[in-house]
Asker: 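Sharing a structure, written as structure tokens. Questions coming.
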2 protein chains.
Amino acid sequence: MGITKTAGFTTQTTEMADVFKALGHPARLAIMEFLSKSTSCICGDIVDEIPLAQPTISRHLSELKKVGLIQGSIEGKNVCYCIDENRWNEVKQIVQNVSTQLNSLNKCC
Amino acid sequence: MGITKTAGFTTQTTEMADVFKALGHPARLAIMEFLSKSTSCICGDIVDEIPLAQPTISRHLSELKKVGLIQGSIEGKNVCYCIDENRWNEVKQIVQNVSTQLNSLNKCC
DNA sequence: TTCCCATATTGCAATATTAGAATATTGTTT
DNA sequence: AAACAATATTCTAATATTGCAATATGGGAA
């Protein structure tokens, strides 16, 4: 049905799944990596970096913003996008937890 | 168009975006967390754990398998699914790299 | 004000994803 | 072999996502 059933999952699971989903597109993942590396956070520089049209990138940015992965602030004529470290730390936490739990299990396969 | 443009992105970016996308669904994220925690890896136990019908879960499992996040091995009448640690480490690496790079930047916002 | 420049929004067509009923498959037990 | 148990596949509908042209918005410069 194209609609995701959320009943029966914790809010935390559903919310973090949305965050991972946002990372699950080459353009959005590339934007996150660009923002983590570059000293620039100007929207225009992202548009130059990513091989998609400006409206498309604008939409991807708004999706990253919707799930809280980035924040945008207006700088005169430009917009500066930055990674929200708190949100990113939540992602890191989930990934690390799985790793930790994996190590404490005896593998069966 | 519902189709994702991959031209212009590195293979690594595209491939890892697919991995994150696979994690971007409550059921699949819950499956990964279950597999990391539980000593059981039997498909039937996953079906009992996740509030979706068996065919739906089977499909989610096959998607996790497609991107290499889990492996399945037949154990008689059952199937045992386990997390592929190599793939998981790649996820962890990306997340950690972003964190590291973030810390070496002076934030602008 | 008028003209640019940077970014966001809208609208639409093409494609992808999701869920589960029905069914198929494969292995086990009797 | 027949009956059963566990899992996978197929099918279909509803819904979501993607990309971009066209357009809107809002700020700075002339």
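Computed from a predicted structure; not experimentally measured.
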Asker: Assuming nearest nucleotide by heavy-atom distance, tell me which of A/V79 and A/K21 is located more 5' along DNA chain C.
Answerer: A/V79
Asker: When you get a sec, tell me which of D/dA8, D/dG19, D/dA16 is the closest nucleotide to the side chain of A/I3?
Answerer: D/dA16
Asker: Out of D/dA21, D/dG27, C/dT28, which has the shortest distance to the side chain of A/P55?
Answerer: D/dA21
Asker: Is the shortest side-chain N to carboxylate O distance from A/R87 to A/E15 below 4.0 Å?
Answerer: yes
Asker: Name the residue closer to the 5' end of DNA chain D, choosing between A/G76 and A/T4 according to the nucleotide with the nearest heavy atom.
Answerer: A/T4
Asker: Which residue pairs pass the salt bridge (Lys or Arg N to Asp or Glu O under 4.0 Å) test when at least one of the two sits in residues 49-73 of chain B, sequence neighbours left out?
Answerer: B/R28-B/E63
Asker: Could you give the CD1-to-C1' distance, from B/I50 to C/dG20, as a whole number of Å?
Answerer: 16 Å
Asker: If you check the A/R59 side chain, which of C/dG11, D/dT10, D/dA21 turns out closest?
Answerer: C/dG11
Asker: So what does A/I42 touch, heavy atoms closer than 4.0 Å: a base, only the sugar-phosphate, or nothing?
Answerer: sugar-phosphate
Asker: Do you know the tightest heavy-atom contact between A/V19 and A/V67?
Answerer: CG2-O, 3.8 Å
Asker: Assign B/L52 to base, sugar-phosphate, or nothing according to its heavy-atom contacts below 4.0 angstrom with the strands shown.
Answerer: sugar-phosphate
Asker: Looking only at N and O atoms, is any donor in the side chain of B/Q54 or the base of D/dA6 less than 3.5 Å from an acceptor on the other one?
Answerer: no
Asker: Look at the side-chain N and O atoms of B/Y81 and state whether any lies under 4.0 Å from the OP1 or OP2 oxygen of D/dA8.
Answerer: yes
Asker: Rounded to whole angstrom units, what separation is found between the CG atom of B/D48 and the P atom of D/dA5?
Answerer: 14 Å
Asker: Search all heavy atoms of B/S36 against all heavy atoms of A/V98 and return the closest pair with its distance.
Answerer: CB-CG1, 3.7 Å
Asker: Closest nucleotide of DNA chain C for B/R28 versus for A/S58: which of these residues is on the 5' side?
Answerer: A/S58
